[in-house]
**Q** 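Could you have a look at this structure, given as structure tokens, before my questions?
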Amino acid sequence: MKASAGFSFQPPRHRFNPAAADIYLMRGVLFDAEYVDETREMRLWLKSGERVFSAVEGSFIPRFFVEGEDPEKLARVVEKIEIRENGRIIRPVSVRTVEMKRLGNTVKVLEVVPEQPKDIQTLRRFIREMPGVRQIYNYDIPVSKHYLISCGLTPMDGAEVEGEMRGSEVILSAPPKPVRLAVPKLSMISFDIEVYNPAGSPRHEKDPIMMIGLAGDDGFRRVLTWRRFPTKLDFVEVLESEKKMIERFVEIVRERDPDILLGYNTDFFDFPYLRERARILKVKLALGRDGSEIVARRRKFATATRVRGRIHIDVFAMVDFLATIGSIRLVHYTLENVYKYLLGKDKPDFEFTKFVEAWEKGGEAWERLLVYNLSDAVAALELGHELLSLFLELSKIIGQVPFDVVRMTPGQMVEWLLIAEGFRRDELIPARPVAETYEERLEETYTGAYVMEPVRGLHENIVVFDFRSLYPSIIVTHNIDPSTINCSCCAGTGERVPDLPYHTCRRRRGFLPEVVEKILKARFDVKKRMKDLDRGSHEYKQLNAKQWALKIIANSFYGMLGYPKARWYCKECAESVTSFGRHYIKWTIRMAEEAGFRVVYSDTDSLHCLLNGKSRNEALK
DNA sequence: AACTGGCGGGG
DNA sequence: GTGTACGCCAGTT
Ligand SMILES: [Mg+2]
């Protein structure tokens, strides 16, 4: 089947039974996926041209694996498990022995299929205590992520769905299939609230929301408020009360129906506050595409708000990510600072201590507050627009939905990529470490990072070499992987790691080096394609976002290896990477000094050297 | 001066 | 996945 432009809508195809409902075959770009616990339904959100539709699957059951001393014997015991819990008997639906891989080695394990996704934890806790059980795998992968990975679906790429139509949703009659499809334009609306704050910090139980600013990527501009001071500003819409204002906000979002809803710090402030006010005022925050209310999801320190059928992006989360990887360096990541830094533009500011006066007295300050509120919504929109392509590319590379990707750390991104790549190779997915393992890993000491005693004084004309960029290729070239480090097959014959009693395998290629190489190759190809393109073209910018995303992912493998909560944590691997890095640095220092440069400082991953009147290009040689 | 602990972003 | 990191500042000793 060929994808048509716009909505790829196929004529009904009758099955053998003419009485059966019409079966539709549709294609769209997958932009969100969610599992709903209560209904046990998996829902995919897709867009094709202008049309948005969803696909529902009610029968997906993730499976997990058990490694034991005697798989056949273990299987006979596990299939008889019956656990009574809340008046229900929990038992595996199917237990069989299968061949899987653990870091490239074939292992015979049990595949256990539960009756319901939530039974996994009960069964796993029971099986863990059984004699002869060594490891359990694939049990801690959230259902919606498990579903996408098992189906091989990639967000921000196409999916072909087949099933009966019910309104604008497809009831899946077969597993969705991945297809290649270009991302259609995603519409965006940004919003920002300003809150009455006589006590300094707003208290949600008594301090009302004064106004809600909205900005759409179609040029839509609006400020909703419920204070009737005279103003000539044409974007202002005055409502009767705070309650009416929130209801109007919901109405506008539903009417304009954006694919992406965004703001600055909305996870931490705007949505939680809006939610509390809506609860007190008895307004349903039914912002979902299916009319559903927003859902606050607890995660790390804030809550992430899910809006069904739309991608809620907190631009601050994107900015925070860029700060952690060192792409942005600011002291304070305020909207104003970030806007100035990334887009080079100033925006109006308003002292939050002056909000109360403006709200009570009106006049010039009131109008400035309205303008300020809109400018916040516009700034978040522009920033979101600027950063979107990077995060959509990251989403496509690692195979997780944009909603999650914009809130992930670099280490998490690498891990999801490895999980997806692991599935493709029938690799068993190690569980996230339990608290005890984590503590142990924290205790482990690392061989000291290299720091050269700096040459004191104020140096000018310095050139800095950053060796972190070498880490991905070090992993590939020296085959650094949890399965290849100090392998028993190459004891004495493997590749020696400089200054450490470690070696890497020469006989088998590691899982990580394979994945890193794939990423590096993809980036190389993208950069090659970019050479023939006009720098101002849309395609160039798209490819640039892709190569940047690939670079971020490649550079994050090393960090993941040393992160004690990582599934593929490997202290020896991380040490080996930096050791090879240091080896190259020392070699470079020697070369630099022989060429007449003076090295003034060097640490684990950088080299600072004086130009001594030579040019930058000479230094690069 | 050297330390510890908490915070950031929003209003 | 109540899964980050790390520089800065205020408040100690
Ligand atoms: Mg604001």
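For clarity, every value in this text was computed on a predicted model and none was experimentally measured. Every chain is numbered from 1, with letters handed out A, B, ... down the list of sequences. Below, each value reflects all heavy atoms present in this structure, side chains not excepted, and no hydrogens, waters or symmetry copies.
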**Q** Would you indicate, yes or no, if B:dG8 has its OP1 or OP2 atom less than 4.0 angstrom from a side-chain nitrogen or oxygen of A:H332?
**A** no
**Q** What contact category does A:D192 fall into here, base, sugar-phosphate, or nothing, at under 4.0 angstrom with non-hydrogen atoms?
**A** sugar-phosphate
**Q** Whole angstrom is fine here: how far is it from CZ in A:F271 over to P in B:dG9?
**A** 21 Å
**Q** Provide, to the nearest angstrom, the distance between the CD atom belonging to A:E336 and the P atom belonging to B:dG11.
**A** 11 Å
**Q** For a quick check of understanding: with a heavy-atom distance under 4.0 Å over all strands, which category does A:Y196 fall into, base, sugar-phosphate or nothing?
**A** nothing
**Q** With sugar-phosphate meaning primed atoms plus P, OP1 and OP2, does A:K354 contact a base, only sugar-phosphate, or nothing at under 4.0 Å between heavy atoms?
**A** nothing
**Q** Could you tell me if the ring centre of A:H146 sits under 6.0 Å from that of A:Y35?
**A** no
**Q** Grab the CG-P distance between A:N337 and C:dC8 for me, whole Å please.
**A** 14 Å
**Q** What's the CE-P distance between A:M211 and B:dG11, to the nearest Å?
**A** 11 Å
**Q** For the aromatic rings, using the six-membered ring if either is Trp, is the centroid distance between A:W416 and A:W568 under 6.0 Å?
**A** no
**Q** Are A:F268 and B:dG9 stacked, counting the six-membered base ring, centres under 5.5 Å, planes under 30°?
**A** yes
**Q** Nearest whole angstrom, please: distance from the C1' of B:dG10 to the CG of A:D349.
**A** 13 Å
**Q** Given atom CZ of A:F191 and atom P of B:dG11, what is their separation to the nearest angstrom?
**A** 11 Å
**Q** Which residue, A:R329 or A:G411, contacts DNA chain C at a nucleotide closer to its 5' end, judged by nearest heavy atom?
**A** A:G411
**Q** So which nucleotide from B:dG9, B:dG10, C:dC8 ends up closest to the side chain of A:F316?
**A** B:dG9
**Q** Where do A:F321 and A:L394 land on the side chain to side chain contact (heavy atoms under 4.5 Å, CB included) test, with the steps shown first?
**A** CA-CA 12 Å; A:F321 176 84; A:L394 285 166; 4.2 Å; yes
**Q** Does the structure place the NZ or CZ of A:R425 under 6.0 Å from the centre of the six-membered ring of A:F511, at an angle of no more than 45° from the ring's axis?
**A** no
**Q** Quickly work out the A:M408 CE to C:dT2 P distance and round it to whole Å.
**A** 13 Å
**Q** Does A:R124 pair with A:D140 as a salt bridge, N-O distance under 4.0 Å?
**A** no
**Q** Give the nucleotide from the list C:dT4, B:dG9, B:dG11 with an atom nearest to the side chain of A:N265.
**A** B:dG9
**Q** So what does A:D376 hit on the nucleic acid, given a heavy-atom distance under 4.0 Å: a base, only sugar-phosphate, or nothing?
**A** sugar-phosphate
**Q** So what does A:Y372 touch, heavy atoms closer than 4.0 Å: a base, only the sugar-phosphate, or nothing?
**A** sugar-phosphate
**Q** Any base atoms under 4.0 Å from A:Y264, or only sugar-phosphate, or nothing? Heavy atoms, all strands.
**A** sugar-phosphate
**Q** Reckon A:W359 touches a base, only the sugar-phosphate, or nothing at all at heavy-atom distances under 4.0 Å?
**A** nothing
**Q** Mark yes or no for a side-chain to base donor-acceptor pair under 3.5 Å between A:T334 and B:dG9, with no hydrogen or angle criteria applied.
**A** no
**Q** Ring-on-base stacking between A:F352 and B:dG11, under 5.5 Å between centres and under 30° between planes: is it there?
**A** yes
**Q** Identify whether NZ of Lys or CZ of Arg in A:R407 sits under 6.0 Å from the centre of the six-membered ring of A:F403 and within 45° of that ring's axis.
**A** yes
**Q** For A:G200, report the nucleic acid contact type (base, sugar-phosphate, nothing); a contact means any heavy atom under 4.0 Å.
**A** base
**Q** Round to the nearest Å and state the distance from A:L322 atom CG to C:dA5 atom C1'.
**A** 14 Å
**Q** If you measure from the P atom in B:dG9 to the same atom in C:dC8, how many Å do you get, rounded?
**A** 13 Å
**Q** With nearest nucleotides of DNA chain C determined for A:K565 and A:V331 from heavy-atom distances, which residue corresponds to the more 5′ nucleotide?
**A** A:K565
**Q** Using the P atom as the reference point in each nucleotide, state the distance between C:dT4 and B:dC7 in Å, no decimals.
**A** 15 Å
